Amino acid sequence: MKHVLKIFSLLVAISGLWIGLLQASIIPRSHTWLLPIYFIVSLGCYGLLMVGVGLMRFPTCPQEALLLQQDIAEAKYFLKQRGVDVDSE
Amino acid sequence: MEQKKEKNKYSVIVPTYNERLNIALIVYLIFKHLREVDFEIIVVDDGSPDGTQEVVKQLQKLYGEDRILLRPRPKKLGLGTAYVHGLKHASGNFVVIMDADLSHHPKYLPSFIKKQLETDASIVTGTRYVKGGGVHGWNLMRKLTSRGANVLAQTLLWPGVSDLTGSFRLYRKSVLEDVISSCVSKGYVFQMEMIVRASRKGYHIEEVPITFVDRVFGSSKLGGSEIVEYLKGLAYLLVTT
């Protein structure tokens, strides 16, 4: 099944649930009408939270830049000795 | 029961454009880290004016023309077609794709291979966003857009991998041939399309952490048009995969 159809069916299921709640009056009507807004806002907040948390925990590796410089020096030395042109352009 | 020892050969495809120095460094590092492995390096150079191909020929003299294949093209023709071109000349049963600018370090190649052998996966993709991985050289803005883009893509596409735009990957050759034939995007959306299509087709995908050192300092790859391209790419993938 195409992915977009999966999302569509999910939305249809949620809408069905919402309409069911509207008709069944378990929750007061005024609240039920606002449920989609609550849903979208919560989704937005969740997304922002995920971005924020991810940003805070963003893995960095400053030592890798150093290691890379060492590797570059090692490679240049090896290759230069064996006739490979490694001078910077 | 006797365990059949598979003879695996890995074809490392490296597309290049003006990577005269980096290609030599990367070849050295690949040979350094894959000592016990049967592999070949396929350099797909798009007519670099800086003499990249001359350096590759020197490397061929040093390491052997059977280990380093130079398969150039006349001009810049795009990454996707570079992979297809490289694939045509690949004699391995596994293919690794990686960037030539040393943002991908060959020292991770053994971990890709090990992961594939352990899990029998069809694709092993490098991820920068998990513990053990990481990025160096990105400012806060860059990290923010990367993280935002990733959350959006995860929410919309449910791709099953943590790093969608990464291009350091190991593929079973037959799987790469299958996936690449159905991809039409360009640039980094192409990398996303590859992994999403592979995921949709049900291929077994595993991830290994990698570190990414961005050496292209100061080049702002994220203007407004880049963001628009990304959103268009996401919409395209949402609807067609």
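Please read all numbers here as calculations on a predicted model, not as lab measurements.
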With the threshold set at 4.0 Å, does a side-chain nitrogen-carboxylate oxygen contact exist between K114(B) and E206(B)? no
Leading residue by heavy atom contact count with chain A [cutoff under 4.5 Å; candidates V55(B), N150(B), T240(B)]: T240(B)
The interface call for F31(B) against chain A, heavy-atom contacts under 4.5 Å, is neither
Measure from the side-chain N and O atoms of Y230(B) to the backbone N and O of A149(B), and report whether any donor-acceptor pair falls under 3.5 Å. yes
Can you tell whether the side chains of D178(B) and K201(B) come within less than 4.0 Å, N to carboxylate O? yes
Check each atom of W158(B) against the heavy atoms of chain A and say whether the ones under 4.5 Å are side chain, backbone, both or neither. both
If you draw the axis of the six-membered ring of F112(B), does the NZ or CZ of R169(B) fall within 45° of it and under 6.0 Å from the ring centre? no
Below 4.5 Å from any heavy atom of chain B, which atoms of L67(A) appear? Answer side chain, backbone, both or neither. side chain
Engaged part of V135(B) at the chain A interface, taking heavy atoms whose separation is under 4.5 Å: both
At what distance, to the nearest 0.5 angstrom, does NE2 of H105(B) lie from CE of M98(B)? 9.0 Å
Among V130(B), L157(B), V27(B), V239(B), the residue with the most heavy-atom pairs under 4.5 Å to chain A is L157(B)
Let me know if I72(A) has heavy atoms under 4.5 Å from chain B in its side chain, its backbone, both or neither. both
So, the part of K131(B) with a heavy atom under 4.5 Å from chain A: the answer is neither
At a heavy-atom separation under 4.5 Å, does L238(B) approach chain A through its side chain, its backbone, both, or neither? both
Turns out that what part of L152(B) lies under 4.5 Å from chain A's heavy atoms comes down to neither
Give a yes or no on whether a salt bridge exists between R128(B) and D163(B), defined as a side-chain N under 4.0 angstrom from a carboxylate O. yes
Give the minimum heavy-atom separation between I26(B) and H104(B), together with the two atoms involved. CD1-O, 4.4 Å
Go through the atoms of L144(B) and report whether side chain, backbone, both or neither lie under 4.5 Å from a heavy atom of chain A. both
Ring-ring centroid check F212(B) F168(B), cutoff 6.0 Å: no
Side chain, backbone, both or neither: which part of K57(B) has a non-hydrogen atom closer than 4.5 Å to chain A? neither
Taking all non-hydrogen atoms of both residues, which atom of F190(B) and which atom of G80(B) are closest, and how far apart? CZ-CA, 3.5 Å
Looking at L156(B), T155(B), V196(B), which one has more heavy-atom pairs under 4.5 Å with chain A than the rest? L156(B)
